[in-house]
Amino acid sequence: MSLTSQLNKISTLELAQALMERLSISPNDWHGLKSNRNARASEQLAAAMVFLLKNQPQEAQARLEQAVGWLDKSISAPPCPTHGKS
């Protein structure tokens with residue numbers, strides 16, 4: 001069975017959710033990727049797609065705005081809340 005045939009058996013929402021999961025930054029990778037603009041924008045764009053497919057346009061728009069913020073450098077990662085604490 002071809003990859004296309006296999007993918008055709010999966011709903012669009014399931015594909016988007018799989019992409020979101022793949023692009024999500026795990027807690028173990030957060031420190032290394034927290035300022036990676038492409039990684040952060042990709043994560044937000046995938047989340048936006050999931051919300052849009054779930055008919056939640058306001059949530060989708062919020063994630064799209066976050067993605068644009070990462071790309072146009074208008075937002076950046078906050079400092080780690082655990083740094084500097086004993």
Side-chain angles (χ1 to χ4, degrees):
M1 181 179 282
S2 73
L3 178 59
T4 302
S5 296
Q6 292 173 10
L7 291 175
N8 283 335
K9 293 181 179 185
I10 302 170
S11 74
T12 304
L13 177 58
E14 289 170 321
L15 286 170
Q17 288 170 325
L19 180 62
M20 183 177 75
E21 188 174 315
R22 172 72 57 97
L23 294 174
S24 292
I25 297 171
S26 72
N28 292 339
D29 294 331
W30 191 84
H31 280 96
L33 295 174
K34 71 177 185 168
S35 297
N36 182 314
R37 294 192 174 279
N38 284 337
R40 298 299 299 267
S42 296
E43 179 181 48
Q44 293 300 312
L45 282 170
M49 189 181 308
V50 170
F51 281 114
L52 190 60
L53 291 169
K54 287 183 168 185
N55 199 26
Q56 297 178 18
Q58 290 176 323
E59 290 293 332
Q61 183 176 355
R63 295 332 184 273
L64 285 171
E65 290 170 0
Q66 286 283 309
V68 169
W70 281 108
L71 294 173
D72 71 10
K73 300 179 182 173
S74 64
I75 63 171
S76 54
C80 180
T82 60
H83 283 177
K85 294 188 178 182
S86 302

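Computed from a predicted model, the values in this text were never measured in an experiment. If you read the sequence from its start, that first residue is 1, and numbering goes on from there.
Among residues at least two apart or in separate chains, salt bridge (charged side-chain N to carboxylate O under 4.0 Å, His left out) pairs with a member in residues 43-52 are R40-E43. Applying the salt bridge (charged side-chain N to carboxylate O under 4.0 Å, His left out) test to pairs two or more places apart or on separate chains, those with a residue in residues 60-78 are E59-R63. Sorted by first and then second residue, the salt bridge (charged side-chain N to carboxylate O under 4.0 Å, His left out) pairs with a member in residues 1-14 form an empty list; sequence neighbours excluded.
Other cluster members for W70: I75, joined by side-chain heavy-atom distances under 4.5 Å among Ile, Leu, Val, Met, Phe, Trp and Tyr.
When every heavy atom of S35 is checked against every heavy atom of A77, the shortest pair comes out as OG-CB, 4.0 Å. Here the closest non-hydrogen pair linking L53 and A16 is CD1-CB, 3.6 Å.
At a threshold of 4.5 Å between side-chain heavy atoms, the hydrophobic network of Ile, Leu, Val, Met, Phe, Trp and Tyr places L45 and M49 in two separate groups.
Other residues, nucleotides and ligands place more than 12 heavy atoms under 6.0 Å from the CD atom of Q56.
Between the CZ atom of R37 and the OG atom of S42 there is a distance of 13.0 Å, given to the nearest 0.5 Å. Atom CD of E21 and atom OG of S26 lie 11.5 Å apart (nearest 0.5 Å).
The side-chain contact (heavy atoms from CB on, under 4.5 Å) search around N38 returns N36, L71, not counting sequence neighbours. In this structure, the side-chain contact (heavy atoms from CB on, under 4.5 Å) partners of Q6, at least two apart in sequence or on a different chain, are M1, L3.
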